[in-house]
Structure formats: structure tokens, C-alpha cells
Amino acid sequence: MRADFYDRPVLEVAQALIGCVVTHGGASGVIVETEAYHDSEPACHAFVGLTPRTETLFGPPGRAYVYLSYGVHALLNAVCESRGIGAAVLIRALEPLAGVELMAARRGVKPDQRRALCSGPGKLTQALDVTLAHNRSDLRLGPVVISERPARFSDPVVQRDRRIGISKAVDLPWRFCLAGSAFLSAPVRDPAPVS
DNA sequence: CATGGGATTGACT
DNA sequence: GTCAATCCCATGC
């Protein structure tokens, strides 16, 4: 991934990440669903300002922001925009690419259930063994690595929709999905035009 | 398909 | 100390 890939508006990055590959723990998958978060809107953790928790979000772009949701699930985000701006892209679903057996074992499902491996932000971190310890790590250097689109996903058709699982700023169309993918966390409900 | 349990973190009082 | 939080899954209708 280019060094300045994440140093631009978070909505651009959220769209550009569709089709890219996440690799960790002997497994990998193609990003098919993302959401953008920005400190200007209340659904973003950084909305409250700079605290120990949000320090990663306000830090340099290209790092992982990993936090615990509902006391149960680690959720993986890519920090975007310049230092001092709190913005990140939540990785919500992957199409499994490699290490399917390993992912299935970690998830406690059968390997033929490929759609159940990474179809949700908590599922994919479990499948790839991404944990809170990866918070602040560099997404180019690893251990969690995001890399360029494979040829098969070089020019993805992307759909916009409203974000999922939030209670604030619910109307912003800041969810991005690979059109027609069978590996989304939920269907596209309310398509909005892609700018 | 609707509901509710699980069980940790950080912000704020 | 309290409470809300970028969720997943088992259960029961």
C-alpha cells in the first residue's frame, strides 16, 4: 500500500479499501464492506475529543485502531487523515482468501461455511486472530497487513448505504459494500449514489 | 424472525 | 460506581 494511502478524506479511503486484502495469523481475506467514522459526527469515538482511548484515532494515518465492542469483540479499523484529525475506516466483512481451515477452527464453524467466517466486524477479527494488542500497529509493516487489490478485484463496483449497528448519525451513507458480494455482514438496504 | 445473554472497556459523576 | 458501547449467537416462537 502506498505510504500516503490513508492520508486523505476518510470517505475516499473507505471506498478505496474495498477489494484490498487483510492478512494476519496465517489467513487472509478481501475487504468487501467498510464504514467511515470521523470526529465531526457523534457515532465516532473521536467525537468526544482526545482521550487515552481516542489517542490512536488522532494519531498518524495508516495505523490500526482496535477496540473492544460490548466487552466481547475486537473491532479492526484503519486510522485515516492527518495527525490531529480523528478518523478511521471500520473493516466490517471479508471474503475469505487463504487459511480457511484456520479461520474455521478459530470461529468454531465448519470450513465449508465460508460465508460465516468473516461476515461481520467481530467475526473477521476472530477469524484472523486480531486482538487489542494490535492497536496502534502499522498496517503496512504488520503484523496485521493491508495490501493492494488482487487482479480479480482491481475495479470493484461499490455501493453506498447507511451504517449498521449505531445509534447516532444514523442517516449518513458512510457504509461501502462490494456490489453483489455474498460475504457482507448484512444486505445493502438503502442504496445511496456513489460520488 | 424476535429476543436476550454474554462480559470488558473507557468516560464521566 | 455507573452506564453505554461501530456485536455475535443461541434460543424459542
Side-chain angles (χ1 to χ4, degrees), chain A residues 6 9-11 13-15 17-18 22 27 29 31-59 61 63-81 85-94 96 103-137 139 144 146 159-178 182-190 192:
Chain A
Y6 300 97
V10 68
L11 288 174
V13 181
Q15 184 171 345
L17 280 174
I18 299 294
V22 184
I31 299 171
V32 298
E33 180 180 342
T34 62
E35 284 177 358
Y37 289 87
H38 189 272
D39 60 28
S40 60
E41 48 89 15
C44 182
H45 290 166
F47 186 70
V48 299
L50 184 60
T51 66
R53 183 193 201 190
T54 62
E55 204 177 327
T56 310
L57 284 168
F58 286 101
R63 304 293 189 91
Y65 170 53
V66 185
Y67 78 95
L68 195 66
S69 175
Y70 290 90
V72 183
H73 307 285
L75 268 54
L76 172 65
N77 301 251
V79 175
C80 297
E81 309 205 12
I85 300 176
V89 174
L90 171 65
I91 312 298
R92 283 196 56 91
L94 307 176
M103 290 195 276
R106 291 184 184 128
R107 293 268 306 112
V109 303
K110 296 187 175 179
D112 56 333
Q113 303 286 324
R114 278 184 81 223
R115 277 185 7 209
L117 295 178
C118 301
S119 55
K123 296 181 186 180
L124 71 91
T125 56
Q126 187 182 18
L128 293 184
D129 195 27
V130 172
T131 69
L132 296 187
H134 296 113
N135 189 37
R136 306 184 73 128
S137 67
L139 291 171
V144 182
I146 298 183
Q159 289 182 302
R160 287 182 76 160
D161 193 11
R162 306 210 301 225
R163 294 178 294 183
I164 292 178
I166 57 171
S167 55
K168 299 165 202 157
V170 295
D171 289 329
L172 293 176
W174 285 11
R175 179 187 182 216
F176 296 84
C177 297
L178 177 64
F183 299 93
L184 301 177
S185 67
V188 175
R189 284 185 190 280
D190 184 21

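Proteins come first, then strands; the chains are lettered A, B, ... in the order of their sequence lines, and each starts at number 1.
Contact annotation for A/S185: no contact, since no heavy-atom pair falls under 4.0 Å across all strands. Among the protein residues, A/R163 comes within range of no part of the nucleic acid, since none of its heavy atoms lies under 4.0 Å from any strand. Using a 4.0 Å heavy-atom distance criterion, A/L90 is classed as a base contact.
In this structure, A/L50 places its CG atom 12 Å from P of B/dC12, rounding to the nearest Å. Rounded to whole Å, the distance from CZ on A/F58 to P on B/dG10 is 16 Å. A/Q126 places its CD atom 16 Å from the C1' atom of B/dT8, with the value rounded to the nearest Å. With rounding to whole Å, A/L124 atom CG is found 12 Å from C/dC9 atom P. Rounded to an integer number of Å, the gap from NZ of A/K123 to P of C/dA10 is 10 Å. Computed from coordinates, the A/R53 CZ to B/dC12 C1' distance equals 13 Å when rounded to whole Å. We find that CZ of A/F47 is positioned 12 Å from P of B/dC12, with the value rounded to whole Å. When the P atom of B/dA7 is taken as reference, atom CG of A/L132 falls 16 Å away, rounded to whole Å.
A donor-acceptor pair shorter than 3.5 Å can be found between the side chains of A/R107 and A/Q126.
A salt bridge links A/R162 with A/D171: at least one charged nitrogen is closer than 4.0 Å to a carboxylate oxygen. Using a 4.0 Å cut-off between charged nitrogen and carboxylate oxygen, A/R136 and A/E55 count as a salt-bridge pair.
Closest contact between the side chain of A/R107 and the listed nucleotides C/dC7, C/dC8, B/dT9 involves C/dC8. In this structure, of C/dA5, C/dC7, C/dC9, it is C/dC7 that holds the atom nearest to the side chain of A/L75. Each of B/dT9, C/dA5, B/dC12 was ranked by its minimum atom distance to the side chain of A/Y70; first place goes to C/dA5.
Between A/R92 and C/dC7, a side-chain N or O to OP1/OP2 separation shorter than 4.0 Å is present. Residue A/S167 has a polar side-chain atom (N or O) positioned under 4.0 Å from OP1 or OP2 of C/dA5.
Checking side-chain atoms of A/N77 against main-chain N and O of A/Y65 turns up a donor-acceptor pair under 3.5 Å. Put simply, the side chain of A/Q15 never gets that close to the backbone of A/F176: no donor and acceptor are under 3.5 Å apart.
In a base pair of the Watson-Crick type (N1 to N3 plus N6-O4 or O6-N4) or a G-U wobble (N1-O2 and O6-N3), with each distance short of 3.5 Å, B/dG4 is matched with C/dC9.
When the nearest nucleotides of DNA chain C are assigned to A/K168 and A/A116 by heavy-atom distance, the more 5′-ward of the two goes with A/K168. DNA chain B is contacted by both A/T54 and A/H73; A/H73 maps to the nucleotide lying nearer its 5′ end (nearest heavy atom per residue).
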